[in-house]
Amino acid sequence: MEENVFSAFIETITSRSDDIWQGLTEHLFLSFTAILIALVISLPLGIIVSRKKKLAEFVIGITAVFQTIPSLAFFGFLIPIFGTGNVTAITALTVYSLLPILRNTYTGIVGVDSAVIEAGKGMGMTNQQILTKIELPLSLPFIMAGVRTATVLTVGVATLATFVGAGGLGELIYRGLSTWNNQLVLAGAIPAALLAILFDFILKRIEVAATPKGLKNIQGGN
């Protein structure tokens, strides 16, 4: 029985290889584009609200509200505005990616020890230098944790892009569900899961490579 299921799955992978590759390419494009846009928005915004803490609660609260909207419903809300296709999918995925990156950027920066910042000022550092040489390096683990969370979330939600005509691996999952074909569902779900794991691993390696040696020693000592 198990051999038959496995054989059927392998046969599905082989016969649908072109569809899987196309879905994977579309999924990569949607996810990567949304994360990139979210980074461009969230990182500067996180820095700004860390300087204006009264504004932080409002801005982070707004992004949190969007997270409470069911994914499929939010895709549907955007169709009258952008129509179907990539624009609607990327817009929705970007909005869902904002909160983890924004909140972790804010938390990381405001969590930097004030004594370290004062020491930087005592050395004659400008506000820009304090940000780039002290605050951002020390808050990097928080920021990268937010990026990794947003990436995994985005890759998962991107499977719903098929419902707005943007394709992706969700197309295979939807076809499988429509035809009661579990092997086809797995052919879409497994690559999506592996993609999320791969992105998370790559981002972790980037975090390790970008972390200053002095901070690595401190973290290792803890």
Side-chain angles (χ1 to χ4, degrees), residues 20-47 49-50 59-60 62-75 78 85-109 111 136-164 166-174 186-211 215-216 219:
I20 294 172
W21 179 251
Q22 180 180 346
L24 183 61
T25 303
E26 293 169 346
H27 211 90
L28 273 169
F29 171 74
L30 294 173
S31 302
F32 183 78
T33 304
I35 289 294
L36 186 61
I37 296 173
L39 278 170
V40 171
I41 296 172
S42 295
L43 286 178
L45 190 57
I47 294 170
V49 297
S50 71
V59 174
I60 294 175
I62 291 296
T63 58
V65 167
F66 284 111
Q67 289 279 359
T68 65
I69 302 174
S71 306
L72 193 56
F74 191 51
F75 276 96
L78 293 176
N86 289 344
V87 175
T88 296
I90 290 172
T91 300
L93 293 174
T94 299
V95 171
Y96 275 109
S97 302
L98 293 176
L99 179 61
I101 303 174
L102 174 60
R103 184 166 54 191
N104 279 41
T105 301
Y106 169 78
T107 301
I109 292 176
L136 287 180
L138 290 177
S139 60
L140 182 63
F142 288 93
I143 296 173
M144 290 304 299
V147 174
R148 291 166 64 187
T149 300
T151 299
V152 173
L153 173 67
T154 300
V155 172
V157 176
T159 56
L160 298 177
T162 184
F163 292 103
V164 293
L169 292 168
E171 181 72 20
L172 294 170
I173 297 174
Y174 176 70
L186 291 175
I190 291 177
L194 293 176
L195 194 61
I197 294 171
L198 177 62
F199 275 3
D200 187 65
F201 175 78
I202 292 173
L203 289 170
K204 179 61 178 177
R205 303 287 12 126
I206 293 174
E207 176 187 345
V208 171
T211 301
L215 186 56
K216 289 179 184 177
Q219 292 173 341

### Task
Begin with the C-alpha distance, continue with both residues' side-chain angles, and end with the deciding distance and a verdict on side chain to side chain contact (heavy atoms under 4.5 Å, CB included) for Glu171 and Gln22.
CA-CA 10 Å; Glu171 181 72 20; Gln22 180 180 346; over 6 Å; no
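- Residues Tyr96 and Ile69 have side chains in contact (heavy-atom distance under 4.5 Å, counting atoms from C-beta outward).
- Under the 4.5 Å side-chain criterion, counting only non-hydrogen atoms from C-beta, Phe29 is in contact with Ile90.
- With Ile109 as the partner, the side chain to side chain contact (heavy atoms under 4.5 Å, CB included) test is satisfied by one option alone out of Asn104, Ile47, Val49, Leu138: Ile47.
- Residues Gln67 and Leu153 have side chains in contact (heavy-atom distance under 4.5 Å, counting atoms from C-beta outward).
- A 6.0 Å sphere centred on CZ of Phe199 holds more than 12 heavy atoms belonging to other residues, nucleotides or ligands.
- Rounded to the nearest 0.5 Å, atoms OG1 (Thr25) and CD1 (Ile20) are 11.5 Å apart.
- Heavy atoms of other residues, nucleotides or ligands lying less than 6.0 angstrom from CZ of Phe163 number more than 12.
- Of the possible polar contacts, none joining the Ser42 side chain to the Leu39 backbone as a donor-acceptor pair under 3.5 Å is found.
- Summarising the geometry, atom OG1 belonging to Thr68 is positioned 10.0 Å from atom CZ belonging to Phe74; distances are rounded to the nearest 0.5 Å.
- Summarising the geometry, atom CG belonging to Leu98 is positioned 11.5 Å from atom CD1 belonging to Ile60; distances are rounded to the nearest 0.5 Å.
- Taken from CZ in Phe142 to CZ in Arg103, the straight-line distance is 13.0 Å, to the nearest 0.5 Å.
- Scanning all heavy atoms of the two residues, the minimum distance from Ala161 to Leu30 falls at CB-CD1, 3.7 Å.
- Of the inter-residue distances, the one linking His27 atom NE2 with Thr162 atom OG1 reads 11.0 Å to the nearest 0.5 angstrom.
- Across every non-hydrogen atom of Val164 and Ala89, the tightest pair is CG2-CB, 4.1 Å.
- When all heavy atoms of Ala38 and Ile101 are compared, the pair lying nearest together is CB-CD1, 4.1 Å.
- The shortest non-hydrogen separation linking Ala34 to Thr154 is CB-CG2, 4.2 Å.
- Taking each heavy atom of Val152 and Ala196 in turn, the nearest pair found is CG2-O, 4.2 Å.
- Pro137 and Pro141 make their closest contact through O-CD, 4.1 Å (heavy atoms, listed as atom of the first residue, atom of the second, distance).
- In this structure, Phe75 and Leu93 have side chains that are in contact, with non-hydrogen atoms separated by less than 4.5 Å.
- How far CH2 of Trp21 is from CG of Leu169: 11.0 Å, rounded to the nearest 0.5 Å.
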